[in-house]
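What follows is a set of notes on a single structure, which appears directly below.
Basis for what follows: all heavy atoms, side chains included, without hydrogens, waters or symmetry-related copies.
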Protein chains: 4
Amino acid sequence: MTQNTASRRGRPRDADVDRRVLDAAWDLLHGGGYAALNMDEVAERAGVAKTTLYRRWPTKDHLAIAVAARILGEVPIPDTGDVRRDLTDFIAAQAASLGRLRLAGNPDGAGSAGLVAELAAAAARHPDIGALVRGLFARRHDLARARLRRASEREGLRRDIDHEVMIDQLVGPVWYQILVTGGPADRSYAERLVEAVLDGAFTPSTQRSKS
Amino acid sequence: MTQNTASRRGRPRDADVDRRVLDAAWDLLHGGGYAALNMDEVAERAGVAKTTLYRRWPTKDHLAIAVAARILGEVPIPDTGDVRRDLTDFIAAQAASLGRLRLAGNPDGAGSAGLVAELAAAAARHPDIGALVRGLFARRHDLARARLRRASEREGLRRDIDHEVMIDQLVGPVWYQILVTGGPADRSYAERLVEAVLDGAFTPSTQRSKS
Amino acid sequence: MTQNTASRRGRPRDADVDRRVLDAAWDLLHGGGYAALNMDEVAERAGVAKTTLYRRWPTKDHLAIAVAARILGEVPIPDTGDVRRDLTDFIAAQAASLGRLRLAGNPDGAGSAGLVAELAAAAARHPDIGALVRGLFARRHDLARARLRRASEREGLRRDIDHEVMIDQLVGPVWYQILVTGGPADRSYAERLVEAVLDGAFTPSTQRSKS
Amino acid sequence: MTQNTASRRGRPRDADVDRRVLDAAWDLLHGGGYAALNMDEVAERAGVAKTTLYRRWPTKDHLAIAVAARILGEVPIPDTGDVRRDLTDFIAAQAASLGRLRLAGNPDGAGSAGLVAELAAAAARHPDIGALVRGLFARRHDLARARLRRASEREGLRRDIDHEVMIDQLVGPVWYQILVTGGPADRSYAERLVEAVLDGAFTPSTQRSKS
DNA sequence: GAGTAAACGAGACGGTACGTCTGGTCTTAAG
DNA sequence: CTTAAGACCAGACGTACCGTCTCGTTTACTC
């Protein structure tokens, strides 16, 4: 419907190309990190011409981000009625996503930020990637804020809490561990984060923060 | 004291070289970001041979980190007796440091992580840089934890607070803003962060957390 | 014929590149000898990327030899029916070729072997160049031997002459003069060489060797 | 006698340094050809500072030539009363000398000119080396010419022979084989060369050139 | 024996070219 | 119009190695 005659001309795009390319790119990234992601190599492994590559992803960075997006996937915030648990799941899921990227080209995974830093740099180099990524995280924050709003309304979360900051203090430390300190960012760390922000965040009558 | 006879042999290193090189490198970084940091250019501007460059910094990444270290400088945590104020200063100082880097090659400074992401990537590419950087931040955290300990002892900070996590929740969001969301990381943001973590963190009798 | 379909793929090589590069390289060699042959400079002058250079000539030495081959050119051995004259022309032509190379970067031209020695060294450094050069001279010798055979059959050259050695004794001294003694290698020298080898080389009845 | 007071001042040169350095240099040259001759490596192996090296040999080329001179040694022309034999010995000795150099960094020794070409190039690069080498060969030629003169006087060598050219036609082909064609240059080749130049070079009454 | 001159060891330094790598564009022919 | 193939441009990187320079040290001769 969209394109009747105008773009019906010529050879149609091979739909399988995307998959083959992203697979090849991920293999390289996984094997040796960003430094191992080589456009010529990707083209060869995917059985695709470089022209084709560049027609779909204008830049190596764009391709890398596309690969990462596929790996990271969506991180929805659940709503079971238990904020503590929902937030923990939310943060743990994000930590797990980043952890997968951290492992690329980094077998033991400890210490190095691995791919994550390179992707952040890629976003910094290209305004369009940056905007895309920031949009993604803005939407994620919107959902989280909505969840916190519901917690205020239904679960006794104090009304004077700065939701914006609370989310930053949950998500930020995870990135910080991965990108800077190299420390662990696993579920138990997520639990400690949630514990800390929710400690004293409920109105006394409704719920206690700590046993 | 460190090197009495062993390394007294041979022509001594020219102490001025470091300064000239780091200056030149910072000029380039400041002007055009990481992409503008060119080893040949640095050598030429500093009036130094490339061999000399590589004798002292084995890699362009190492040089960049050295420049950044000089720019970032030390961020001591003050101890005025007022934790809230000390923490705010501490965080605001770090935010300001990162902000300076973010501006490199990025006149308007909004949105992009600029140099910061590139430097994180550089640290991730070289295990030795990573170790160095992590050591730096580990020491910084040690100081901060010591400050929090004193707050527990003298200023009524609750004893059951997870100091480790509290620091992460102060520092982490700053990096997160700079590297990921592109949001502002200024003094007022630091104040909100400190406010949030100290809210309810004091024993009722001693000090009030919020007016 | 060699490559019908196999190498018909992809963008064909630009035939003009060779000319531009060899011209630029010769300019440099001519102006300052082997030391002045600079790959970056060649690339710039020829308006060509260094990758293109190295795709065609894997080494600076290979390029230099290619330039020399163009300068030296073919040295056919004539067949006018007069061996003495033909050999003299043959030797004088080779001497003139080498003389041109000797002058490169060596205005007065006396004494120094100039480029010739450097090219010999280049051939010695790379087995493939050595093989190529030796093949070239082997073909040249074949032609010369054929000419001597005809002289035996038609011009009364003695049948017991060692053609191989005779050619070496004509060509060898020219190289020796250029590479080692620094002496002149001109037409009159060629005449003396030919005179010496043909002296007494003819059967008495047919031709006299010396007036 | 040469230096009484002027250079008697200060610490005298260590006579053992030359030996150690030349040994080390020859080891490198022998092992990997001219490309393997590395001044830093020579200094280290000889247990000598680079300063000392350059005080004695102003250039790597000078050092290489010094090594070669030691290897090549003197090639006197004998005078047994039998020109044919003397010339053969003379040429065979030179061929053997060059053959030794050809083997450096060139185990099988066939084909490549090995060090010889590099040394010729070295001589071409430095006027002083060139002059020295040409002087050496000029003296050698003088001796050879003197021998031929005696052959004219005592052994019936024809008076109209061009001695200069005859020597070139004996020595030149040896260098030509080594530097250009890669062919063998052994005693039997020397015999063929001598045979050719002496064939018909004697006055009929006195001696026959060939059996 | 103190002074001095030069050789020496060690290693930083300047200079410069090399060959490599890789990102991204362009030109063919084929589908 | 897309695809494959591969030549091409651009430009930085890190390396290699030569020859110089700058120290501090050692070894003689000289006064």
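- For the pair A:Gly47 and C:Gly47, both in contact range of DNA chain F, the more 5′-proximal nearest nucleotide belongs to A:Gly47.
- Closest of all the heavy-atom pairs between A:Ala124 and B:Ala117 is CB-CB, 4.4 Å.
- In this structure, the OH atom of C:Tyr54 is 12 Å from the P atom of E:dA17, given to the nearest Å.
- The base of F:dG19 is paired with the side chain of D:Lys50 by a donor and an acceptor separated by under 3.5 Å.
- Between B:Asp40 atom CG and E:dC18 atom P the separation is 14 Å, expressed in whole Å.
- One N or O donor and one acceptor, one from the side chain of B:Thr51 and one from the base of E:dG15, sit under 3.5 Å apart.
- Contact annotation: side chain of D:Arg11 to base of E:dC8, donor-acceptor pair absent below 3.5 Å.
- Nearest heavy-atom pair across D:Ile129 and D:Ala122 is CD1-O, 4.2 Å.
- Taking side-chain N and O atoms only, D:Arg55 has a distance below 4.0 Å to OP1 or OP2 of E:dC8.
- Within the structure, a side-chain polar atom (N or O) of B:Asn38 is placed less than 4.0 Å from OP1 or OP2 of F:dC13.
- Mapping C:Pro58 and B:Val48 onto DNA chain E via the closest heavy atom, the residue that lands nearer the 5' end is B:Val48.
- In this structure, A:Leu53 atom CG and E:dC26 atom P are separated by 17 Å, rounded to whole Å.
- The residue A:Leu63 sits apart from the nucleic acid: no heavy atom pair falls under 4.0 Å.
- When the options D:Asp18, D:Val48, D:Leu63 are evaluated for a side-chain contact (heavy atoms from CB on, under 4.5 Å) with D:Arg56, the one that passes is D:Asp18.
- Taking 4.0 angstrom as the limit, D:Arg13 places none of its side-chain polar atoms (N or O) nearer than this to OP1 or OP2 of E:dA6.
- Summary of the strand contacts: C:Ala35 and B:Val17 both lie near DNA chain E, and taking for each the nucleotide with the nearest heavy atom, the more 5' one is attributed to B:Val17.
- What separates CG of C:Asp61 from P of E:dA17 is a distance of 16 Å, to the nearest Å.
- Applying the side chain to side chain donor-acceptor pair (under 3.5 Å) definition to pairs two or more places apart or across chains, those involving residues 26-37 of chain C are C:Tyr34-C:Asp61.
- Taking the charged nitrogens against the carboxylate oxygens, C:Arg20 and C:Asp23 have no contact shorter than 4.0 Å, which rules out a salt bridge.
- Residue contacts for C:Leu37: at a heavy-atom cut-off of 4.0 Å it reaches the sugar-phosphate backbone alone, with no base atom in range.
- Here F:dC17 presents its C1' atom at 8 Å from NZ of D:Lys60, a figure rounded to the nearest Å.
- When the side-chain nitrogen and oxygen atoms of D:Arg56 are compared with OP1 and OP2 of E:dC8, one or more of them lie within a distance under 4.0 Å.
- Side-chain atoms of B:Pro12 lie closest to F:dC23 of the nucleotides F:dC23, F:dC8, F:dT15.
- Between the OH atom of C:Tyr34 and the C1' atom of E:dA17 there is a distance of 12 Å, given to the nearest Å.
- Other residues, nucleotides and ligands place no more than 12 heavy atoms under 6.0 Å from the CD atom of C:Glu44.
- In this structure, D:Trp57 places its CH2 atom 14 Å from P of F:dG19, rounding to the nearest Å.
- Whole-Å rounding puts the B:Met39 CE to E:dC18 C1' distance at 18 Å.
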